[in-house]
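Worksheet: one structure, shown below.
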There are 2 protein chains.
Amino acid sequence: MKKLLIFLWMITVAGNVIAQQNKIIEASMDKVKLKFMLDPEGRACYAVSFAGKAVIANSHLGIDLLNDTAFDQQLEIIKTETTQVDEQWHPVWGELSTIRNKYEQLVVQLRQKNSPNRLINIIFRVFEDGLGFRYEFPKQPGLRYFIVSDERTEFHLTGDHKTFWIPADYDTNEYKYTTSKLTEVDSWKVTKAATDIAVRVAPDQQGVQTPLMMKSADGLYINIHEAALQDYSAMQLHVDKNTFNLTVSLVPDAVGNKAYLVAPCKTPWRTILVSDHAADLLASKTILNLNEPSVIENTSWIKPMKFVGVWWEMQTGKSTWSYANRSDTLNAKGQLIPNGTHGANTANVKRYIDFAAAHGVQGVLVEGWNIGWEDWFGNWKEKVFDFVKAYPDYDVDEVTAYAASKGVKMIMHNETSGAATDYERQLDTAYRFMNKFGFPAVKTGYVGKIIPRGEHHDGQWMVDHYIRVLEKAAEHQVMVDVHEAVRPTGLHRTYPNFMASEAGRGNEYNAFSDGNPPEHETILPFTRLMGGPMDYTPGIFKLKGYSSVSGRQVHTTLAKQLALYVTLYSPVQMVADQVENYDAHMDAFQFIKDVPVDWDDTKIVEAEPGDYITIARKEKGKDNWFLGAVTDENARKTKIGLNFLDKGRKYVATVYADAEYADWQENPEAYTIHQYIVTSVTKLKLNLAKGGGAAVSFMPFVKGVGTFKKYK
Amino acid sequence: MKKLLIFLWMITVAGNVIAQQNKIIEASMDKVKLKFMLDPEGRACYAVSFAGKAVIANSHLGIDLLNDTAFDQQLEIIKTETTQVDEQWHPVWGELSTIRNKYEQLVVQLRQKNSPNRLINIIFRVFEDGLGFRYEFPKQPGLRYFIVSDERTEFHLTGDHKTFWIPADYDTNEYKYTTSKLTEVDSWKVTKAATDIAVRVAPDQQGVQTPLMMKSADGLYINIHEAALQDYSAMQLHVDKNTFNLTVSLVPDAVGNKAYLVAPCKTPWRTILVSDHAADLLASKTILNLNEPSVIENTSWIKPMKFVGVWWEMQTGKSTWSYANRSDTLNAKGQLIPNGTHGANTANVKRYIDFAAAHGVQGVLVEGWNIGWEDWFGNWKEKVFDFVKAYPDYDVDEVTAYAASKGVKMIMHNETSGAATDYERQLDTAYRFMNKFGFPAVKTGYVGKIIPRGEHHDGQWMVDHYIRVLEKAAEHQVMVDVHEAVRPTGLHRTYPNFMASEAGRGNEYNAFSDGNPPEHETILPFTRLMGGPMDYTPGIFKLKGYSSVSGRQVHTTLAKQLALYVTLYSPVQMVADQVENYDAHMDAFQFIKDVPVDWDDTKIVEAEPGDYITIARKEKGKDNWFLGAVTDENARKTKIGLNFLDKGRKYVATVYADAEYADWQENPEAYTIHQYIVTSVTKLKLNLAKGGGAAVSFMPFVKGVGTFKKYK
């Protein structure tokens, strides 16, 4: 990302407040107001309101140190400092080409009243759509290496809000969302039922994961998450059902510690986004703004892309990742005995390359290409995969040369099976291999229990591991799409080669389990995607009958699959179905060919978590707009004002809509495609089927090219 | 090591014993007899005797699996098989040039009587000085990946033996030995007092480490240890003081598991050595024989050597490993602020190179050369050292070129601070660096708590790590001397680039703590060295006054320091003192110049654990013999028959002995050097001072060269 461009104004107000320990210190931006004070026990407290409505009631702050004095009470203020910042910056890729970063910062410098009189600062940044705060440990005598045993941060809510939640699992975010009141949170009920997730570790029955989305009875939309998670473990929240107080719990390491820190240092930001319009939360760039600018100087090699892949055919059981059925049964020559169902063979991969080349899809992902898949899962074993050795039926040289001859990029796949230690051992070799063959990107994966044993996907060691991989990838100019990692916290600003992550329940669950309910994609942008792009793998066209398991189907219409390319933002979007299923619907596939993965502008047209989302986006560097609209299990009629289009300009709108009798359950593949001339004053009527959606492209009308009706 | 040379005879006796479940099955070699049977509950049991005396009374065998049926009872014998082997092999280096491997093997194939009817074999090998046994899990349906939760092996001793023990610590072997009856074992008393060892984790108050050396009231010397520790955690022993039963306890991993196995596989061997002569145990090659032959084909680059080093000066506080006092305090240019005491500076290292070149010492070790030493210890931090980046005052290019010009080899130092994960990340880079500069060897170190956090120095993960390092080193033709690792188990047969390890209380404790008692070096060969060479770092000449701490001194005489080069075998022997201290005693230094580190033959002349050891060895490929004799805190007079010398041949014996009034405490540096003509019929009288020793070289007499008295 580019360096800061405009640094409009900055005012610093510093006050020596030693004498005023009980004073309330405030910071605000527009309707968001923060209050900070010490309570009579010397505990740091804060409260947040939005337009005068309480969002966070008086809540404690603090950090406990292992075998050491805590920063949780008997503190005194030694200084406060307020700063205003308004600047703009340009992401390397994203939903907007220019991002405004406007906030008021309050730094409260605190000291323990008693020996050893250590120092801790709390830094608040108040934005017009919420705030972030973090702890800072300044350089000081007697505090250098230390261990965080607990974080005492509270988010004291003011009511029994409607909440969209998943369990506070240490190892997965792949649950379906439950919509309930806060007092109805029961994580164990969910984890017990979620037998489609192999590794589930959620010891707190009242623990929930972030981003946590809530709606208050008085109409506030509130989202709690974190930004810039580095050198720390992931934050989860414990719900006190009597007080509506959420307390931070950090994912522990193998011995129960939460984080190993070295002063001077700062914790991740705790973020609270709030608005009386749900759409404002989806438009928020606060989490991204709280992350540091790019540490990668030359970013010219980072290029968003769409890709097809040898993948859905394995997810649906048509082919296998593995080349043989057993690793311990060899033929007379000491070789694996082929099972005849291996998907990643040279001929099959060439089919995908041909398809990609024919339709302008930039990349091809190949899973199951490398040895180790015969017993890769569930054994918690240290050495699983070789990241440079292909199966006998997959010729890397031949495939790579073939792809290059067609202008297609191959995407590397490095599944680790959770054995992060072994992946780290092979990193140098694996990334040199990618460079040798010109692979621009890698999809990494962490299915299963983590090694180092006792560590978790969301603990500090793994949080640091994901970043080590990003740094190694950046050295080698490789983009990363990580699966089964900790959920993102905006770090793609700092590491713009961090293109996407899974860290949520993707489309794949429709392939191998009872799937994702129709509301799922209307919740994801308010929860999982708050932290960053998701590799959801949209674009399934064959929505029933792909599985040998009866009743299995994708829980959307085909038109909704198209809409997801707009509503679920990612700079790397999979074109996830098998090529033969696209061949059957090439008219609808035109939308996927047209839709870009990088944008100059984004408008959240309308949104209600759990119900519907409509988003319009303008293609990066072009005049084209694309719109996606999705609904939940309920059909929906809506009328979209196209005021985002250039005034007075004519556009050809191609509307990919659910057909009249379409329905996700009975008739999902029924769609219509119509083209009209529209302008910025057009009101576009969209009828979304149950579990349906609509996708629209708006291309500037060129006189003499085609004949189009005016939209009525 | 060379492949098997002679395969004299091999007889197999197999019997179907399904019908004879209660029969006692025997195997024996010379005086050692093994009995195996199933008890009425179907538990595997064994007993061992030596010349009719019970060594191990009836003891159980078995393995427990995590969340699975155990192999501990309800077993039935499905087959037994007996084999005799007598062969010879040649180690790449060692105490002998030819090793005889003669044993009777008994394989007992067992099956669970009840479902799932799994298979386990127990393999015994009976040698004339003891036996080894291991568990084997054959390939079978339903048992592939599994976790060992406990091993049920027992060593049921027959009396309250005199025992030489250290606590069963998961992370260190650096305790002083306690000599006590079995019933007097109290590990916690020892760990509590051992404040000179930073990380002490010994949860079992009655737990002891192996090799465990014992002496029975009826005159048997018994040693229990293990061989070929790979893919498993280290064995420790729990002492039942009522029954004298020792039960195996394995070092747990971060989540409490003991080993992760994949069938087919074999556990390490459990070894019991026994003799009525203590010297026989020191001569035993059974542990080495139980290890697999070399996996390294080309071993021509593996060359034993002596080396000096920038090391003792840091141990004694004269200089520092670190270049600065703080890592977080930099000068105006952002650089570390030199403390002026950094030992590994170019000029100082050249002094050591000059000395090595002048005296035919092949190598120079330099510790503290690379960045990271300012806060390397005790912080349990992931990233400590850079293994290719030198401090500003150490010029790797210049030093390496200088050493090469003088024919001296530089030895790399890779201290990890226990952060094994970080070392693994850097392995490729670190070993390429060694190759680039032509370093033939590396000394590695693991001071501090292990990362992955929760793992231990002696657990399976680290056991595997040390081997990963050996394999990486072998790829790069680098020899390894590892400090603070698990104690060795003869693996240097399989990995002959595994030259030595510390894994015990080395001479360094005399530098920085209250040191090693005079008996220490008479116990080490019976305990720590049973598994393999120790980098004890002998050769200290300035035995008092080297430390600013009053009362600190080495607990031996100077002559004993010389003797240690013979009595404590290692193919890499440090010439550990500072060069100026050698310059003060160049006559005594002649012995160190002469003594080799690789041998054709070894004779254990006399030995009693805790009291005295005398060993004679013949130089590899030459006719020279060397003898070392050491005693404990008691002075000792002995008369050594030189019948190991060639009959009828004259030798010049140079005797480096304690002077008449020498004494480790008051007068340690008083020695005499005398030369005589001796033959194989000479009886050499040696007077060892308290804490003293004697070193003798025997060179074939060459007529006309020198004038020598005949020995009387």
Side-chain angles (χ1 to χ4, degrees), chain A residues 66 139-141 143-147 231 252-257 260-265 326-330 374-384 419-432 449-456 459-462 464-465 468-469 471-472, chain B residues 66 139-141 143-147 231 252-257 260-265 326-330 374-384 419-432 449-456 459-462 464-465 468-469 471-472:
Chain A
L66 186 70
K139 184 177 172 181
Q140 55 191 296
L143 186 71
R144 183 141 166 77
Y145 294 91
F146 61 103
I147 296 172
D231 293 329
D253 78 346
V255 298
N257 294 329
Y260 300 80
L261 301 184
V262 190
C265 62
R326 292 189 65 95
S327 65
D328 60 347
T329 305
L330 306 176
E374 281 67 32
D375 48 3
W376 71 285
F377 174 69
N379 301 317
W380 215 8
K381 69 170 170 168
E382 183 79 32
K383 179 83 190 80
V384 185
T421 44
D422 196 51
Y423 190 41
E424 293 200 358
R425 273 173 218 132
Q426 298 187 61
L427 274 186
D428 276 330
T429 305
Y431 284 80
R432 281 201 299 264
K449 292 167 81 174
I450 291 296
I451 305 179
R453 296 189 184 96
E455 298 290 346
H456 295 285
Q460 185 189 19
W461 198 91
M462 284 301 293
D464 291 350
H465 165 83
R468 283 193 287 271
V469 171
E471 288 172 343
K472 176 65 67 178
Chain B
L66 186 69
K139 183 176 173 183
Q140 56 191 294
L143 187 70
R144 182 140 167 79
Y145 294 92
F146 62 102
I147 296 173
D231 292 330
D253 79 345
V255 298
N257 294 329
Y260 300 79
L261 301 185
V262 189
C265 62
R326 291 188 64 96
S327 65
D328 60 346
T329 305
L330 306 177
E374 281 67 31
D375 46 5
W376 71 285
F377 175 69
N379 301 316
W380 216 7
K381 69 170 169 166
E382 183 77 33
K383 178 86 191 81
V384 185
T421 44
D422 196 50
Y423 190 41
E424 293 201 358
R425 272 173 218 131
Q426 298 188 62
L427 274 186
D428 276 329
T429 306
Y431 284 80
R432 281 201 298 264
K449 290 166 83 174
I450 292 297
I451 304 179
R453 296 189 185 96
E455 298 290 346
H456 295 285
Q460 185 189 18
W461 199 90
M462 285 301 292
D464 290 349
H465 166 83
R468 283 192 287 272
V469 171
E471 289 173 342
K472 177 65 68 179

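Quick caveat, the model's predicted, so the values are computed rather than measured. Quick note on labels: first sequence line is chain A, next is B, and so on, each numbered from 1.
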### Task
Output the option from B/T421, B/L427, B/I451 having the highest count of non-hydrogen pairs under 4.5 Å with chain A.
B/T421
### Query
By salt bridge (Lys or Arg N to Asp or Glu O under 4.0 Å), which residues pair with A/E424, not counting sequence neighbours?
A/R468, B/R425
### Query
What heavy-atom pair brings A/M462 and A/I450 nearest, and what distance separates the two atoms?
CE-CD1, 3.6 Å
### Summary
Cut-off 4.5 Å, heavy atoms of chain B, and the answer for A/K139 is side chain
### Summary
Greatest number of non-hydrogen atom pairs under 4.5 angstrom with chain B, of A/D375, A/T429, A/D428, A/I147, falls to A/D375
### Query
Quick one: what part of B/Q426 sits under 4.5 Å from any heavy atom of chain A, side chain, backbone, both or neither?
neither
### Summary
Residues passing the salt bridge (Lys or Arg N to Asp or Glu O under 4.0 Å) test with A/R432, sequence neighbours excluded, are none
### Smallest separation among heavy atoms of A/F146 and A/A263, with atom names
CE2-N, 3.9 Å
#### Entry: From NZ (A/K383) to CG (A/D422), nearest 0.5 Å
4.5 Å
### Task
Could you tell me which of A/V255, A/D253, A/N379 has the largest number of non-hydrogen atom pairs under 4.5 Å with chain B?
A/N379
### Summary
Cut-off 4.5 Å, heavy atoms of chain A, and the answer for B/K381 is side chain
